[in-house]
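Structure first, then comments.
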Amino acid sequence: TPGAVGWTRTARPGAPDKYFLVSADCHAVEPSGYLDGIEPEYKARIPRMELREDGSEWLISEGNRPQRVKASRKAAPALAGAEGTESQGLPAPVTGARMDDEDVLRNSTGRSVAERLAAHDADGIDAELMFPNKGLLCWASPDPVFAMAMCRRWNRWAHGFCGEHMQGDSPRILHAALLAAGDQAGTLREIRWAAEHGFRAVCLGTSVI
C-alpha cells in the first residue's frame, strides 16, 4: 500500500487509533476426521480419500466426480521432488508447480485457535468470520437429509474447536453454521441450535437443495 500518510486512523496492530478490523472471509482448517462423529447410518457415505494401484490419490465424495489430489508417482516421478512441497512435509501438487513461502504458510497454519489468534494479532485483525474449507463437501450430495447431517456434524466440530471464542459481546471468531436448506425440518432445528451455541451467521451451499 502507499502507507498511512494522511490517514486519521490506522490499521496497524497496537496503534492507539487503530480501526476495528474484521476479516470477513476466513476458512477453517478442519482435521481429516471432522465428520467422524456423524450418525452411524451415514458413515459409509462421507467423503474419503482413495489410493489407487498406480499410487495416485483421489477424493471421493457423493455427488461429485472423483477428484485427483495427488498424481501417480509412477506416471510422473518428477513430481515427487517438487521444490518447496514435499521437502516441507506437504504433498507435491498435481501440476508440479512450486509452492511459494506464503502458500506454505497458509496451508500449514490456523489448525488451532491459538495459531489463528496469533495470526490475527500480527495483522491487526480484531475478529474473523469463518467459513468451511473441507466442510464445503457437506453440500456435495444431492440427498438433502444426508447433506444436512454432514452440515450438522461440521457445526458440532466448529463449536468444539473454538466455542469459547464465539461467546460474549466481543467474540474473536464468528463461525457461520452450515445448513442444507433442502431438509427444511433439519435446517430449522439446526438454526435454533446454532443460535443457542454462539453462532452469529448461517451459510448455505451455492445450490440450495
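All residue numbers refer to positions in the sequence shown, counting from 1.
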Is it the case that Ser141 and Glu62 place a side-chain donor and acceptor less than 3.5 Å from each other?
yes

Donor-acceptor contact present, side-chain Thr187 to main-chain Asp183, <3.5 Å:
yes

Between Arg192 and Glu190 (salt bridge meaning N to carboxylate O under 4.0 Å), is one present in this structure?
no

Using a 3.5 Å distance criterion without hydrogens, assess whether the side chain of Ser112 forms a donor-acceptor pair with backbone atoms of Glu115.
yes

Establish, from distance only, whether the side-chain atoms of Glu30 and Asn133 form a donor-acceptor pair under 3.5 Å.
no

Tell me, please, whether Tyr34 has Arg153 positioned over its six-membered ring: NZ or CZ under 6.0 Å from the ring centre and within 45 degrees of its axis?
no

Backbone N/O of Pro13 and side chain of Lys18: donor-acceptor pair under 3.5 Å:
no

Any donor and acceptor pair, going by atom type alone, linking the side chain of Asp54 with main-chain N or O of Ser72 inside 3.5 Å?
no

Go through Glu128 and Arg116 one step at a time and tell me if the salt bridge (charged side-chain N to carboxylate O under 4.0 Å, His left out) criterion holds.
CA-CA 9 Å; Glu128 67 168 318; Arg116 300 189 79 93; 2.9 Å; yes

Report yes if some heavy atom in the side chain of Met148 is under 4.5 Å from a heavy atom in the side chain of Leu179; otherwise report no.
yes

If you look at every heavy atom in Ile173 and Met130, which pair is closest and at what distance?
CG2-CE, 3.8 Å

Tell me whether the NZ or CZ atom of Arg156 lies within the 45° cone about the ring axis of Trp193 and under 6.0 Å from its centre.
yes

Salt bridge present between Arg68 and Glu57 (N-O < 4.0 angstrom)
no

Is the distance from the ring center of Trp154 to that of His175 below 6.0 Å?
yes

